[in-house]
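Please read the structure below before turning to the comments.
Heads up: numbering here begins at 1 and tracks the sequence. These figures come from a predicted structure and were not determined experimentally. Counting starts at 1 for both ligands and their atoms, in listed order.
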Amino acid sequence: MISDSQIDKALSLEAINDLARNCTRCGLFKNATNSVPGDGNPQAEIVLIGEAPGEKEDQQGKPFVGAAGKFLTEMLEENGYKREDVYIANVVKHRPPANRDPLPQEVEACFPYLKKQIEIINPKVIVFLGRHSLNRFFPDMKISAAHGKAFRKEVEWLGKSQVFFALYHPAAALHNGSMRDVLKADFMKLPKLLKKINEETIATNTKENLN
Ligand code: URA
């Protein structure tokens, strides 16, 4: 069984993802075809976190390659990003049977992988896709209230403050006209948010240099 410290000692995304591919920390691997650790740019400024792989993702070993993924790619491109610019991961790395919600113990067993992925990528912003990823980090927040909002929080295990941004899940919005409009409008805030974070970083660095 892969231990927390084995995951913590992984030095690259590839090393983490290899561990996830052989993971038996919960029962989900038993029914899965492939593990879906994550995909994208290891130096991404944006990490997007979904819930769990679906059928297509399980077949291909890549996140968000089904209908929800097509919609996500569309929104990324409409806002000036390619999929290769960002990193996409999920709260759990194996598909839950019949796409049921991941169980709390499955989410907990898988969390060390996500933590380590975030630590290595060190993104400017973490984007929650839906309530499952939002609630793994902030159990008391409601996606209906948090969507479209950015917030900066101190994260102990990262040893720094981190900017987060919450969105509705693309699968939930895909066939719901009004939610789809809200998600698209929220998504459009992302480039501006990133610009603001980068400007703040420059301002802080300049100040530090002057002192
Ligand atoms: N939904 C998710 O949350 N993740 C995927 O990878 C695909 C669909």
| said: As a test of understanding, state which of Phe71, Tyr81, Phe64 forms a side-chain contact (heavy atoms from CB on, under 4.5 Å) with Leu76. | reply: Tyr81
| task | Kindly indicate whether a cation-pi arrangement holds for Lys153 with Phe138, taking the cut-offs as under 6.0 Å to the six-membered ring centre and within 45° of the axis. | result | yes
| field | ligand 1-proximal atoms of His169, by part, heavy-atom distance under 4.0 Å | value | side chain
| Heavy atoms, side chains only, cut-off 4.5 Å: are Pro97 and Leu28 in contact? | yes
| task | In sequence, state the C-alpha distance, the side-chain angles, and the governing distance for Phe111 and His132, and then conclude on ring pair (Phe, Tyr, Trp, His ring centres under 6.0 Å). | result | CA-CA 12 Å; Phe111 195 51; His132 286 275; over 10 Å; no
| said: Any nitrogen or oxygen of Pro63, side chain or backbone, less than 3.5 Å from one on ligand 1? | reply: no
| request: Could you label the plane-to-plane angle of the Phe128 and Phe137 rings as parallel, tilted or perpendicular, counting under 30° as parallel and over 60° as perpendicular? | output: tilted
| query | Just heavy atoms, cut-off under 4.0 Å: does Glu51 contact ligand 1 by side chain, backbone, both, or neither? | reply | both
| request: Give the contacting part of Ala52 toward ligand 1: side chain, backbone, both or neither, where contact means a heavy-atom distance below 4.0 Å. | output: backbone
| task | Could you tell me the residue and atom name of the protein heavy atom closest to atom 4 (N) of ligand 1, and the distance to it rounded to 0.1 Å? | result | Asn90 OD1, 2.8 Å
| field | Sub-4.0 Å atoms of ligand 1 with respect to non-hydrogen atoms of Gly50 | value | 3 (O)
| Do Arg21 and Asn17 have side-chain N/O donor and acceptor atoms under 3.5 Å apart? | no
| request: Tell me, please: is Gly66 in heavy-atom contact with ligand 1, that is, under 4.0 Å? | output: no
